[in-house]
Amino acid sequence: MAIKALDYDTLNENVKKCQYAVRGELYLRASELQKEGKKIIFTNVGNPHALGQKPLTFPRQVVALCQAPFLLDDPNVGMLFPADAIARAKHYLSLTSGGLGAYSDSRGLPGVRKEVAEFIQRRDGYPSDPELIFLTDGASKGVMQILNCVIRGDGDGILVPVPQYPLYSATISLLGGTLVPYYLDESENWGLDVNNLRQSVAQARSQGITVRAMVIINPGNPTGQCLSEANIREILKFCYNEKLVLLGDEVYQQNIYQDERPFISSKKVLMEMGSPFSKGVQLVSFHTVSKGYWGECGQRGGYFEMTNLPPRVVEEIYKVSSIALSPNVPAQIFMGLMVSPPKPGDISYDQFTRESKGTLESLRRRARIMTDGFNSCKNIVCNFTEGAMYSFPQIRLPPGAIQAAKQAGKVPDVFYCLKLLEATGISTVPGSGFGQKEGVFHLRTTILPAEEEMPEIMDSFKKFNDEFMTQYDNNVGYSRM
Ligand code: DCS
């Protein structure tokens with residue numbers, strides 16, 4: 001048979017190379033089992049509403065009114081919606097040229113970009129310029145746009161943490177660049193060692209790769225660590241010395257579950273460092289409405305802020321954004337609301353605060369239940385989830401299990417996760433999907449299942465794990481750090 005223009009053989013090789021484990025083999029098997037009627041607990045994606053998190057009331061009221069502006073003319077509108085929601089809906093509609101059905105500027109609505117800049121300024125205590133903030137369809141699209149501008153070919157390398165969220169590895173593959181890994185240290189609570197970074201860069205350079213950018217995920221996915229201010233300062237110095245653009249993925253900045261290391265943005269640390277760093281380091285920071293106590297993943301809202309990028313580069317990034325015409329307009333309104341929520345004294349303030357605090361406090365408890373649960377299991381060690389939405393336990397597989405996985409033609413952690421899924425319905429992502437050191441195995445779960453279901457889930461996990469370990473246990477030669 002003749003080869004078609006778009007056959008597997010003629011497909012862009014970069015597409016074939018690209019892997020995305022969060023929706024990979026485990027997810028597909030879980031979907032099949034669900035169709036067969038098995039109860040599946042989807043902890044593979046950080047998708048809070050899918051696991052029962054309720055949307056915050058105020059933003060939904062505002063966006064509902066923006067979507068149905070005729071309600072604003074209804075004499076009874078005040079009986080259904082609080083006055084501050086009505087006022088905010090009118091405010092956002094006044095920022096659009098034709099309501100939610102019209103394209104906006106491809107950088108986003110100027111009024112919302114201004115609200116984002118004001119938020120950053122309040123958060124960091126340093127000025128932020130709305131002209132350097134672009135709104136995007138979720139943080140993912142922003143990351144892809146920026147990587148697209150950085151990567152010129154396979155000679156360009158991007159430093160990416162390992163373990164990492166596969167948006168980075170997949171996009172770098174897709175764009176034909178080279179991923180330069182730096183390893184986070186599990187025994188130091190997934191800390192980042194700058195000496196390790198230096199080695200990674202030196203090694204890449206010795207292979208002829210031009211290292212152009214560095215990614216940090218803070219708080220970390222899948223690892224859950226929060227970077228200290230001192231660590232961020234070291235990273236920024238490193239980027240300054242090595243002339244790297246820093247991509248600061250800060251989508252989990254609301255998700256903090258300890259008090260020792262509150263979130264601090266890379267932008268704030270950079271500004272505090274002063275000259276020559278504050279004017280010298282190029283930084284792009286990303287945020288989203290998908291995470292935190294908002295969890296509005298399906299709305300697809302995000303932004304990035306550029307620091308120290310030359311105006312001509314910003315112009316070119318604008319051009320690239322223009323190809324997609326306009327980011328999602330309803331999501332831009334969610335972003336506006338996230339960065340300027342109800343204030344003390346507003347009618348909706350108490351309810352908003354109650355709802356957001358309730359979610360955050362429950363996530364904090366769930367992070368604890370999950371880590372403690374994993375640490376009570378045979379052959380499992382797990383760092384505490386300091387932030388973000390995931391737990392990333394290390395599974396110390398006995399040689400018998402590794403052997404059995406080989407026989408089944410599976411990577412050992414995939415083998416373990418598939419068995420877990422079949423036995424319990426818990427759908428996780430094997431650590432190999434995020435990258436891990438050779439011979440060390442993990443899995444990732446979200447901490448998002450409903451709090452009341454958590455003890456039962458952890459019991460069922462422990463029962464499966466301990467039986468699995470006993471089955472394959474011969475007490476010698478475990479996989480381990
Ligand atoms: N950056 C990180 C570190 C993420 O974890 C995610 C989503 C994104 C960016 C992109 O999010 P949005 O495009 O929705 O803004 N995390 C995925 C994950 O690991 N589970 O759920 C989605």
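Computed over heavy atoms, backbone and side chain alike; hydrogens, waters and symmetry mates excluded. One-based numbering, in listed order, for ligands and for the atoms of each.
Contacts of E296 with ligand 1, taken as heavy-atom pairs under 4.0 Å, are absent altogether. Of the heavy atoms in Y252, only side-chain atoms (C-beta onward) come closer than 4.0 Å to ligand 1. Only the side chain of S290 comes within 4.0 Å of ligand 1, counting heavy atoms alone; its backbone N, CA, C and O stay farther away. Contacts between M389 and ligand 1 below 4.0 angstrom, taking non-hydrogen atoms only, are absent altogether. Using a 4.0 Å cut-off between heavy atoms, I217 contacts ligand 1 through its side chain alone, with no backbone atom that close.
For ligand 1, the polar-atom distance check finds an N/O of G46 within less than 3.5 Å of one of the ligand's N/O atoms. Taking distance alone, with nitrogen or oxygen atoms compared against 3.5 Å, D137 stays at or beyond that limit from ligand 1. Taking any N or O of A139, backbone or side chain, at least one lies under 3.5 Å from an N or O belonging to ligand 1. Residue Y168 has no nitrogen or oxygen atom sitting less than 3.5 Å from a nitrogen or oxygen atom of ligand 1, judged on distance alone. Taking distance alone, with nitrogen or oxygen atoms compared against 3.5 Å, T288 approaches ligand 1 more closely than that limit.
At least one test fails for R113 against the ring of Y303: distance under 6.0 Å to the centre or angle within 45° of the axis.
Contact check for V211 versus E242: no side-chain heavy atoms found under the 4.5 Å cut-off. Looking only at side-chain heavy atoms (C-beta outward), V269 and R233 come within less than 4.5 Å of each other.
No more than 12 heavy atoms of other residues, nucleotides or ligands sit less than 6.0 Å from atom CG of D154. In K38, the NZ atom is crowded: over 12 heavy atoms of neighbouring residues, nucleotides or ligands sit closer than 6.0 Å. Heavy atoms of other residues, nucleotides or ligands lying less than 6.0 angstrom from CD of E456 number 12 at most.
Within ligand 1, the atoms closer than 4.0 Å to a non-hydrogen atom of R300 are 12 (P), 13 (O), 14 (O), numbered from 1 in the order shown. Each of the atoms 18 (C), 19 (O), 20 (N) of ligand 1 lies under 4.0 Å from some heavy atom of R444. The distance from ligand 1 to the heavy atoms of D249 drops below 4.0 Å at these ligand atoms: 1 (N), 2 (C), 3 (C), 9 (C). Applying the 4.0 Å criterion to heavy atoms of Y390 picks out, from ligand 1, the atoms 16 (N), 18 (C), 19 (O), 20 (N), 21 (O). Of all atoms in ligand 1, listed by their number and element, those nearer than 4.0 Å to a heavy atom of G138 are 13 (O), 15 (O).
Of all heavy-atom pairs between T385 and I447, the closest is OG1-CG2, 4.5 Å.
Formation of a donor-acceptor pair under 3.5 Å by the Q164 side chain with backbone atoms of S169 is found in this model.
Look at K291 and you'll find a heavy atom under 4.0 Å from some atom of ligand 1.
Taking the six-membered ring wherever Trp is involved, the centroid distance between the rings of F464 and Y416 falls below 6.0 Å.
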* side-chain contact (heavy atoms from CB on, under 4.5 Å) assessment of I317 paired with F304 -> CA-CA 11 Å; I317 297 173; F304 59 83; 3.9 Å; yes

